[in-house]
Amino acid sequence: MKYVAMIYGNQAKWESFPAEAWPEAIAKQEAFNRKYRESGELLGAYGLADAAAAQLVRREDGAPAVTDGPYLETKEYLASFYLLDCESLERAQQIAADMPFADVDPVELWPVLHESPAFR
């Protein structure tokens, strides 16, 4: 079963993190990624740009209509997400709890209910 694990944040949160602590934080995250890629349970890890770079895309008269900014007005936004492939929900929960900052901030875990087949 596949799961999406999501981490939320905001610019104020990132700016409050001490600059000298970033190298260690990044190293811990890369070690987490390597551990679960090697086990075959982490299919992908994706860090997203700041909310200021987000866009909304709609279709108007058959053409893209683009506006700046995220859809929701919120204090926090999706900062990164991970695609997991686990034997059970319990295993996905264990992996989410093993994320480096799961003791400080929660990790949102969603089951993937549908996956479009790959084209060959």
* Asked: side-chain contact (heavy atoms from CB on, under 4.5 Å) between I7 and F101: does it pass, once the steps are laid out?
  -> CA-CA 9 Å; I7 296 174; F101 292 100; over 6 Å; no

* With hydrophobic residues grouped by side-chain heavy-atom distances under 4.5 Å, do I95 and V112 end up in a single group? ->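 Per the 4.5 Å side-chain linkage, I95 and V112 are not co-clustered.
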
* Decide whether V104 and F17 are clustered together by the hydrophobic rule: side chain heavy atoms of Ile, Leu, Val, Met, Phe, Trp, Tyr closer than 4.5 Å, transitively. =>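 Looking at the clustering, F17 is in a separate group from V104.
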
Where [X] and [Y] come nearest, the two heavy atoms and their spacing:
X    : Y   : answer
F81  : V4  : CB-CG1, 4.2 Å
V107 : M99 : CG2-SD, 3.8 Å
A102 : A96 : CB-O, 3.6 Å
A79  : G9  : CB-N, 4.0 Å
G47  : S80 : CA-CB, 3.8 Å

* Looking at CG of D105 and CD of E76, how far apart are the two atoms once the value is rounded to the nearest 0.5 Å? ->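 Here the rounded value is 7.0 Å.
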
* Asked: CD/Q93 to OG/S88 distance, rounded to the nearest 0.5 angstrom?
  -> 8.0 Å

* Asked: Going by an N to O cut-off under 4.0 Å, is there a salt bridge joining K28 and E24?
  ->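 Yes, charged N to carboxylate O under 4.0 Å.
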
Is there a side-chain contact between [X] and [Y] in this structure, where contact means two heavy atoms from C-beta onward sitting under 4.5 Å apart?
X   : Y   : value
Y8  : Y77 : no
K35 : D98 : yes
L84 : Y36 : no
L48 : L78 : yes
R58 : T67 : yes

* Tell me, yes or no, whether the heavy-atom count around W110 atom CH2, taken from other residues, nucleotides or ligands under 6.0 Å, exceeds 12. => no

* To do: Take I26 and Q29, measure what side-chain contact (heavy atoms from CB on, under 4.5 Å) needs, and give me the verdict at the end.
  => CA-CA 5 Å; I26 291 168; Q29 191 61 53; 5.7 Å; no

* Donor-acceptor under 3.5 Å (Y3 side chain, L89 main chain) -> yes

* Is it the case that N33 and Y82 place a side-chain donor and acceptor less than 3.5 Å from each other? -> no

* **With D85, the side-chain contact (heavy atoms from CB on, under 4.5 Å) member among E41, K2, M1** =>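 The residue from E41, K2, M1 that satisfies side-chain contact (heavy atoms from CB on, under 4.5 Å) with D85 turns out to be K2.
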
* To do: Please test L42 against L83 for side-chain contact (heavy atoms from CB on, under 4.5 Å), starting from the C-alpha separation and ending with a verdict.
  => CA-CA 6 Å; L42 177 62; L83 183 58; 5.9 Å; no

* Test log, rule side-chain contact (heavy atoms from CB on, under 4.5 Å), inputs R34 and R37 -> CA-CA 5 Å; R34 188 171 35 262; R37 277 193 184 114; 5.8 Å; no

